[in-house]
Amino acid sequence: MQQSKPNAAKKSKGEVREKKLTARNADKHVLYQLSVQAPETDSKTYARWFKRYTGRDLRSMREDFCGTAVLSCNHVKNHKDNTAVGVDLDRPTLDWGIENNVKKLLNEEQQQRLQLLEKNVLDVTSPKVDCVLALNFSYGVFKTRAELGAYIKTVYKSLKPGGVFYMDALGGPDVMQEKTDITEKEGFDYHWEQRSYDPISHRFVCAIHFEFPDGSMMKNAFVYDWRLWTLAEMRELFEEAGFDDVHVLWEGTDRKTLEGNGVFRRKEVGDMDEAWISLVVGRRA
Ligand SMILES: C[S@@+](CC[C@H](N)C(=O)[O-])C[C@H]1O[C@@H](n2cnc3c(N)ncnc32)[C@H](O)[C@@H]1O
């Protein structure tokens, strides 16, 4: 299971002892999944929202920029009729996902309901699905309006009538600061570095590093060179692609911590938060 702790080593009496994580023995994909993904919950949340939007159960979904495809695996597990397509152009990442997620999370029958495509998301329009997800801001690789617009049109063509597209977004003045946020995880620290932000092009370079209790660091485990897209631009591109009912789901704020509370609501006007995460949603007519 991807949520189980990494590198658990068996002791002689059958008791499981945690091997201390270090930069040398840790696996960056395991740490990434533990740091930024909650696939069991998320796969159910997107399905619940889909039901609210369409009145139907979510059966076929596509995960664009799927990386290790852990969300797709969870969707397939959630119901015997669920199918998923994961699209990513990085072969080694897909292979890691097959070995560590697909083969460990899914039995043979479930594996038949998952298709992984080593492709550019710009080139995939079939099979047609009920829902497409573009998460963790990965579409930031598209640096021009023409490219992002072409991607959103490709998604539109990939959806069955009534299908739903979810695309997440981040922003706020904090995101435009050169800084590193450090979050303590079990056995390691997760570093999110905002390396540079160019106010003219909106080019946004960021990186993930991991730090371990012995002081060792896995630097630049992941480096992203993105454009920071605004919600206004994204909404316009959804509409230009033909999506209906285009709107933003905005995350509420926890009154005590003043951080996101995980509850997303449809809003026409956002809050002037220091940093925010939200989703743009559109439906194919
Ligand atoms: C930030 S990771 C996202 C992984 C996963 N979707 C998640 O939510 O955590 C970005 C992934 O997008 C993939 N990628 C980047 N450009 C792509 C493209 N044009 N088509 C398909 N995959 C792409 C990369 O190989 C990488 O695995």
Side-chain angles (χ1 to χ4, degrees), residues 2-3 27-46 61-76 84-102 105 114-126 129 131-155 157-158 165-170 175 181 183 185 190-195 203-210 220-229 237 262 264 277-280:
Q2 71 87 25
Q3 294 288 24
D27 181 322
K28 68 174 188 173
H29 292 296
V30 172
L31 302 183
Y32 176 90
Q33 290 187 175
L34 291 169
S35 301
V36 309
Q37 293 186 296
E40 287 178 34
T41 321
D42 288 352
S43 59
K44 289 179 186 148
T45 303
Y46 292 116
M61 75 90 144
R62 190 175 92 200
E63 182 187 6
D64 280 350
F65 313 97
C66 69
T68 60
V70 69
L71 188 68
S72 295
C73 288
N74 277 274
H75 174 71
V76 161
V85 180
V87 184
D88 200 289
L89 45 66
D90 192 54
R91 186 72 249 166
T93 304
L94 286 172
D95 285 342
W96 189 97
I98 291 169
E99 285 308 312
N100 296 279
N101 290 330
V102 178
L105 291 170
L114 171 67
Q115 204 182 341
L116 294 182
L117 304 178
E118 181 193 346
K119 287 201 164 179
N120 190 321
V121 292
L122 291 170
D123 298 331
V124 183
T125 51
S126 68
V129 289
C131 172
V132 174
L133 293 155
L135 301 178
N136 276 325
F137 329 115
S138 315
Y139 58 87
V141 291
F142 299 128
K143 300 273 180 43
T144 64
R145 206 174 191 281
E147 275 180 325
L148 186 64
Y151 168 59
I152 294 171
K153 283 184 185 145
T154 305
V155 171
K157 287 188 204 140
S158 311
F165 180 30
Y166 300 105
M167 198 174 189
D168 65 7
L170 83 164
V175 173
D181 290 329
T183 313
K185 299 278 168 187
Y190 161 72
H191 292 224
W192 170 251
E193 179 195 358
Q194 292 166 189
R195 193 168 286 174
R203 181 175 179 216
F204 176 50
V205 180
C206 37
I208 292 175
H209 321 288
F210 299 107
N220 297 317
F222 299 92
V223 178
Y224 305 112
D225 186 340
W226 286 334
R227 170 164 168 178
L228 191 63
W229 288 93
L237 289 170
F264 288 80
I277 286 180
S278 60
L279 287 136
V280 181

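Numbering of ligands and ligand atoms starts at 1, following listing order. None of the values given here were measured: they were computed from a predicted structure.
Below 30°, between 30° and 60°, or above 60°: for W96 and H29 the angle between ring planes is between 30° and 60°, a tilted geometry. Ring geometry, Y151 versus F65: the interplanar angle exceeds 60°, so the pair is classed perpendicular (tilted spans 30 to 60°). Using cut-offs of 30° and 60° on the angle between ring planes, the pair Y224 and W192 is tilted.
A cation-pi geometry, defined here as NZ or CZ lying under 6.0 Å from the six-membered ring centre and within 45° of its normal, holds between K28 and F222.
Interatomic distance, K44 NZ to N74 CG, rounded to the nearest 0.5 Å: 7.5 Å.
The residue from V132, L89, V141, V87 that alone fulfils the side-chain contact (heavy atoms from CB on, under 4.5 Å) condition with V121 is V87.
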For each nitrogen or oxygen atom of ligand 1, which protein N/O atoms lie closer than 3.5 Å, and how far apart are they, rounded to 0.1 Å?
residue	atom	partner	partner atom	Å
ligand 1	6 (N)	F65	O	2.3
ligand 1	8 (O)	N136	ND2	2.8
ligand 1	9 (O)	Y32	OH	2.4
ligand 1	9 (O)	Q37	NE2	3.1
ligand 1	9 (O)	N136	ND2	2.8
ligand 1	19 (N)	N120	OD1	3.1
ligand 1	20 (N)	V121	N	3.0
ligand 1	22 (N)	L89	N	3.3
ligand 1	25 (O)	D88	OD1	2.7
ligand 1	27 (O)	D88	OD1	3.3
ligand 1	27 (O)	D88	OD2	2.7

